[in-house]
Amino acid sequence: MPSTLYDRIYDVVRHIPPGRVATYGQVATVVGAPVTAREVGEAMAALRDGQPEPLVPWQRVINAQGKVSTGPRQQHLLEQEGVVFNAKGHTDLRRFGWPGPDPAWAAAHGFQVLSATDTEQQLDLF
DNA sequence: CTTCTGACGAAAT
DNA sequence: CATTTCGCCAGAA
């Protein structure tokens with residue numbers, strides 16, 4: 001069962017816990033090169049025409065600016081999970097950002113773990 | 001085959 | 001901050 005690129009992306013997204021958010025870039029990094037943030041966006045966009053099982057928590061993937069890129073509905077779903085957004089529409093990635101996949105799980109599936117620098121980059125904004 | 005369009009992102013202005 | 005520019009590129013038409 002050769003999992004496709006999108007399947008691998010969905011696998012990673014499914015591991016983002018409720019109440020946390022990951023950026024397209026983070027997901028791409030975890031899946032590993034040559035996957036780019038853009039492709040992650042493509043994969044998420046593809047979900048509009050039918051979700052694979054188990055369902056993918058697409059709402060937990062946001063852009064590097066800490067904002068949702070698909071309108072108010074996505075933000076609403078996240079707020080129901082406890083993610084807080086300020087008036088400008090961005091969240092504090094230091095508090096709600098995803099630390100990365102469980103190292104053991106990542107290793108077992110050939111995924112990458114997020115390095116410190118990957119998360120350090122989520123400072124400012126707020 | 002060509003063209004167009006992005007659920008991106010980093011850097012420059 | 002908001003905008004623009006550019007790199008990169010998978011799909012749909």
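Residue numbers start from 1 in every chain, and the chains themselves are labelled A, B, ... in the order their sequence lines are given, proteins ahead of strands. No hydrogens, no waters, no symmetry mates; every other heavy atom, side chains included, goes into these values.
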Rounded to the nearest Å, what distance is computed from the CZ atom of residue A/Arg38 to the P atom of nucleotide B/dG6? 10 Å
Can a side chain N or O of A/Tyr6 be found less than 4.0 Å away from OP1 or OP2 on C/dG11? yes
In whole Å, I'd like the distance from the CD atom of A/Gln74 to the P atom of B/dC8. 10 Å
For atom OH of A/Tyr24 and atom P of C/dC9, their distance in whole Å: 20 Å
Can you list everything that forms a side chain to side chain donor-acceptor pair (under 3.5 Å) with A/Gln112? Sequence neighbours excluded, please. none
Taking only the side-chain nitrogens and oxygens of A/Thr36, find out if one of them lies under 4.0 Å from OP1 or OP2 of B/dG9. no
From C-beta outward on A/Thr23, which listed nucleotide comes closest to its side chain: B/dG9, C/dC1, B/dA7? B/dG9
Any side-chain heavy-atom pair of A/Gln26 and A/Val40 under 4.5 Å: no
Send over the distance from A/Glu42 CD to C/dA10 C1', rounded to a whole Å. 5 Å
Partners passing side chain to side chain donor-acceptor pair (under 3.5 Å) against A/Gln59 (at least two apart in sequence or in another chain): A/Glu81
To the side chain of A/Ala64, which of C/dC1, B/dA10, B/dA7 is closest? B/dA10
Candidate pair A/Trp58 and A/Tyr10, rule ring pair (Phe, Tyr, Trp, His ring centres under 6.0 Å), full reasoning: CA-CA 9 Å; A/Trp58 59 274; A/Tyr10 297 147; over 10 Å; no
Separation of atom CD in A/Glu39 from atom C1' in B/dC8, rounded to whole Å: 11 Å
Calculate the interatomic distance between A/Arg48 atom CZ and B/dA7 atom C1'; express it in whole Å. 7 Å
Using atom CG of A/Leu5 as one end and atom P of C/dA10 as the other, report the distance to the nearest whole Å. 10 Å
